[in-house]
Amino acid sequence: MPRYNPAVIEPKWQTYWESNKTFRCPDMPVGEKVYVLDMFPYPSGEGLHVGHPEGYTATDIVSRYSRMRGKTVLHPMGYDSFGLPAEEYAIRTNTPPRVSTEKNIANFTRQLKMLGFSYDWDRCLATTDVAYFKWTQWIFLELFDTWFDPVRQKGRPIAELPIPEDVQAAGENAVAAYRDRHRLAYQDEALVNWCPALGTVLANEEVIDGKSERGGHPVQRIPLRQWMLRITAYGDRLLSDLDSLDWSPSIKKLQADWIGRSTGAEVDFPICSPDAFQAWKTSRATKPFPEVQPEDSIRVYTTRPDTLHGATYMVIAPEHPLVKKIVTPAQQAAVTAYCEAAAFKSDRDRTDGDKKKTGVFSGAYAINPVTGAPIPIWIADYVLIGYGTGAIMAVPAHDDRDFEFATAYSLPVVCVVSPDASGEELQQILEGKACYTGPGKAMNSGPLDGLGTEDAKAKMIAILSEEGIAKGAVNYKLRDWLFSRQRFWGEPFPILHELDANGNPTGRMRPVDRDNLPVDLPQLEDFKPHGRPEPPLAKAADDWLYVTIDGKRYRRETNTMPQWAGSCWYYLRFIDPKNSTALVDRAKEKAWMPVDLYVGGAEHAVLHLLYARFWHKVLYDRGHVSQPEPFQKLVNQGMILGEVEFTGYQKSDSSWVSTSSLEKGDNGLVDRVSKEPVEAVKVDESAVTKVGDCFVLLSDESIRVDSRAHKMSKSRGNVINPDSVVSEYGADSLRLYEMFMGPLEATKPWSTKGVNGVRNFLDRVWRLMIDTQSDTNQLVDAIQDVPPTAEQNRVIHSTIMNVTRDIESLGVNTPIARMMEFVNFFTKESVRPKCAMETLVLLLAPYAPHIAEELWEALGHSKTLAYEPWPTFDEAMTKASEVEVPLQINGKVRAKVVVPADATGEQLEAAARGHERIHELLDGKQIVKAIVVPGRMVNFVVK
RNA sequence: GCCGCUGUGGCGAAAUGGCAGACGCAGCAGACUUAAAAUCUGCUGGGGCGUAAUUGCCCCGUGUGGGUUCGAGUCCCACCAGCGGCACCA
């Protein structure tokens with residue numbers, strides 16, 4: 001009987017690996033170590049998606065390959081299990097989040113084991129494990145206990161923070177407040193996206209068009225006291241250390257853009273009458289540039305200090321504290337209305353570049369500190385409170401946004417940079433009728449005149465620094481990380497707020513003693529959010545909520561940490577998952593870190609990877625880890641799309657409209673001619689054909705249809721479930737197919753026929769060795785214990801060489817093609833040397849481990865092949881004794897000649913000249929040059 | 001708008017600057033079979049010439065247009081299309 005039957009052999013080997021602890025990883029590496037890490041999944045109720053096994057198979061191949069190369073491999077798996085979806089689900093089904101989370105984890109674990117990944121399951125963890133988040137809280141306390149020393153560019157213990165004398169003098173509370181202001185984890189009044197329906201603040205990227213991404217509920221911007229992490233302090237290091245990483249340029253660039261470092265200057269503009277300007281200037285010249293913006297001026301950040309003479313007005317954000325102070329009575333009503341409207345827009349909404357710029361005049365004027373001219377102060381939401389100082393100097397001649405605004409409100413435009421242009425264009429710019437943002441020569445700019453843009457910037461900063469009016473400054477788009485959420489299903493903050501005798505907060509806080517960690521979540525009957533920004537944990541019983549220490553009463557912090565917290569350090573815990581005295585043992589950490597290969601989706605290119613790098617650097621500064629960066633090599637797997645679909649478009653009378661005659665109407669697509677709306681209709685593959693570059697209907701070739709693979713989604717109904725693929729084709733086929741689809745990093749469409757194709761290959765591998773007529777796994781007669789022939793050896797050795805080389809460079813698809821060629825070749829051989837079969841099985845093992853183990857056993861081995869030495873090759877054996885070499889004339893192949901593989905250039909050229917047809921073609925021509933590449937080609941250049 | 005990635009047969013894709021399309025899917029043909037399935041074997045970019053038929057020969061072909069080179073899918077410049085990300089960051 002025995003046909004290849006994955007349904008039997010796959011569970012058999014999974015059980016074998018599990019009961020023999022085949023993939024248990026020792027505490028400390030023996031010899032060379034490799035740490036191969038997957039981005040751990042969020043255990044959703046839907047279970048594994050086919051996208052998950054793609055990256056997981058790639059890392060499993062590397063892990064299994066590395067073991068066979070004798071390395072010690074750390075290859076763990078866990079779950080990122082805190083978060084909003086679990087909680088929403090819990091609310092809907094009225095079950096505690098922990099219950100549904102554990103159920104989902106069990107399902108994920110079943111599915112992952114079903115795919116035969118070689119994880120060390122003893123190291124499995126979930127961020128929701130109390131024993132795990134104890135250390136998440138511990139790290140939070142470390143952040144709380146750290147300040148950033150800008151001189152040393154390093155996080156240091158808060159106890160080492162120098163306290164200025166005046167603060168010291170102001171007493172204990174002032175010192176405590178000073179410390180609190182400098183911690184990496186600090187509380188601050190922040191403008192947040194508050195969603196009353198979800199009962200939580202949301203990150204900017206969770207808000208779309210002023211509505212929550214989840215549920216589409218309205219979102220408001222309100223000020224709330226929130227926990228923040230001072231990631232901006234690490235901006236420079238997060239940026240510059242990217243250079244040391246083996247990451248794709250595109251991911252590095254995404255991170256660099258997100259950090260968004262820019263250099264320029266901060267400049268103060270006095271708010272006073274022109275008469276008082278000289279006095280202001282004189283008083284400024286006596287002192288250095290003030291640390292904090294004085295009341296009598298507006299501080300702006302600019303990257304173009306060279307254009308200061310062209311600043312004809314100023315704009316401050318609607319939330320800017322000065323708005324209330326400077327607005328004139330006549331403008332009061334208009335300003336209030338404008339600011340209120342702005343409050344209802346999210347950051348994203350407001351920064352939508354397509355929108356027309358709006359603004360309102362405050363009635364007040366400031367003085368341009370270099371020209372002495374009064375300039376109006378406007379309020380507009382194109383200026384963001386969160387970036388720079390929340391105020392700008394507007395130079396409409398040299399900034400597109402300012403120009404657009406100036407045009408809309410008829411504000412003056414003064415050109416101060418002579419552009420690199422000519423004719424009409426130059427004239428327009430000089431007259432202030434067009435905007436020029438590029439570099440040029442300074443003009444109308446007093447002492448800067450004639451200088452190039454870079455020199456002018458430097459000179460302006462130098463002059464104004466001298467006068468105490470400005471200083472050079474660096475800014476980041478990166479904001480401090482808003483770290484608290486008003487939800488139940490997250491890590492509680494290990495922070496206590498001191499209460500006075502009346503039960504009111506004193507404003508002082510203390511960390512929970514580290515011995516008292518973890519702070520577990522309270523049991524709550526009702527963990528639902530409500531419409532107020534008061535976290536659900538506030539509903540906990542008093543014995544959880546209130547703590548008395550040394551006679552003082554405290555109330556626990558009731559916010560929880562965001563989902564990102566747990567994933568910031570899980571890779572460290574995998575090294576030492578059971579440690580109860582430290583987050584990770586120092587010696588083990590040193591032995592295993594950094595992660596040598598980290599694979600996951602590109603959706604984490606910015607947030608997760610930036611947050612984790614930030615935490616890691618803090619832990620590094622505080623001496624808990626030995627390396628400045630956690631992830632040495634990062635690879636982003638591409639997305640797997642659904643099967644290719646053909647879509648035609650029909651009018652209401654069912655007549656077809658070609659995609660070439662569609663246009664965008666007000667409500668979707670319409671026929672360009674009749675403007676009638678059309679409906680998208682799925683067309684079967686058999687009903688279309690390709691003509692030229694387009695697919696058209698077979699029934700009417702004038703009707704073009706769309707051909708596209710779409711992202712898998714429930715609503716589209718094109719989701720492929722790994723469970724059903726495994727039950728129909730087997731786990732090895734799924735693994736093999738996902739690798740065979742194409743390069744790991746590419747986006748590629750699913751094809752069920754393709755799965756069938758690789759299954760077919762595994763069937764052929766099986767029949768190559770197993771006699772399907774027999775009742776047991778009897779080897780076919782062709783397999784004999786004989787040495788391979790020269791030709792067989794060439795196939796064996798070149799297959800080993802190519803497979804090895806490609807796995808090393810993470811080329812996952814091409815080794816499969818090589819193995820297919822191997823099988824195609826040996827299928828035709830009536831004598832199949834046993835050693836050749838063993839080689840194939842070992843090469844196949846990282847890809848399709850179950851069938852490989854089964855065949856290894858059939859070949860007479862009694863234990864797992866997981867630690868068998870990887871086959872080696874002799875490059876000399878890969879070469880044929882004779883090669884066919886193309887002969888070209890002027891770069892065109894005209895003939896081929898067979899020569900010994902080791903033929904020299906002279907021999908090859910002689911053979912080429914001697915070739916009958918080449919001789920013929922060269923007759924009467926003058927050979928200008930002969931290019932001979934031994935073993936590859938000959939090219940005669942003739943006239 | 002800005003940035004990045006990708007453009008190769010009917011489809012997924014290969015190809016250290018050296019014979020474009022390996023390998024797989026789909027398709028076609030043959031063998032086996034009463035038949036089908038399965039399996040095995042072969043063919044399969046387009047056009048043309050030639051021949052009884054083969055062997056064979058020529059031209060075109062890697063999004064478009066240029067360039068570098070003896071030789072370009074590969075390197076350089078410009079453009080076009082698709083996908084993805086960012087998007088008033090002063």
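Naming convention: chains lettered A, B, ... in sequence-line order (proteins, then strands); numbering from 1 in each chain. Predicted model, so just to flag it, every value in this text is computed and none were measured. Only this structure's heavy atoms are used, side chains among them; waters, hydrogens and symmetry mates stay out.
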Rounded distance in Å - [atom1] ([X]) to [atom2] ([N]):
X: A:Glu829; N: B:U41; atom1: CD; atom2: P; answer: 12 Å
X: A:Lys753; N: B:G10; atom1: NZ; atom2: C1'; answer: 11 Å
X: A:Asp399; N: B:G1; atom1: CG; atom2: C1'; answer: 14 Å
X: A:Phe695; N: B:C11; atom1: CZ; atom2: C1'; answer: 8 Å

Of the listed nucleotides ([options]), which one gets closest to any side-chain atom of [X]?
X: A:Asn760; options: B:U39, B:C40, B:C3; result: B:U39
X: A:Leu254; options: B:A90, B:G85, B:A26; result: B:G85
X: A:Arg917; options: B:C3, B:A90, B:C58; result: B:C58

Ionic contact status for [Y] with [X], cut-off 4.0 Å:
X: A:Arg261; Y: A:Asp236; result: yes
X: A:Asp268; Y: A:Arg299; result: yes
X: A:Glu829; Y: A:Arg832; result: no
X: A:Arg805; Y: A:Glu808; result: no
X: A:Asp706; Y: A:Arg708; result: no
X: A:Glu54; Y: A:Arg735; result: no

Item to complete: Quick one, give me the B/S/- string for nucleotides 12-23 of chain B, reading 5' to 3', where B means a protein heavy atom under 4.0 Å from the base and S means that only happens at the primed atoms, P, OP1 or OP2.
Response: BSS-B-BB--BB
Discussion item. Does B:G66 count as syn, meaning its glycosidic angle lies within 90° of 0, or as anti?
Written reply: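 For B:G66, whose glycosidic angle is more than 90° from 0, the conformation is anti.
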Worksheet item: Please, what dot-bracket string fits RNA chain B when only Watson-Crick and G-U pairs with both distances under 3.5 Å count, crossing ones use [ ] and pairs to another strand use |?
Response: (((((((..(((.....[....))).(((((.......))))).(((((......)))))..(((((..]....))))))))))))....
Discussion item. On the six-membered ring of A:Tyr382, is A:Lys357 placed so that its NZ or CZ lies under 6.0 angstrom from the centre and within 45° of the ring axis?
Written reply: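 Yes, cation above the ring, under 6.0 Å and within 45°.
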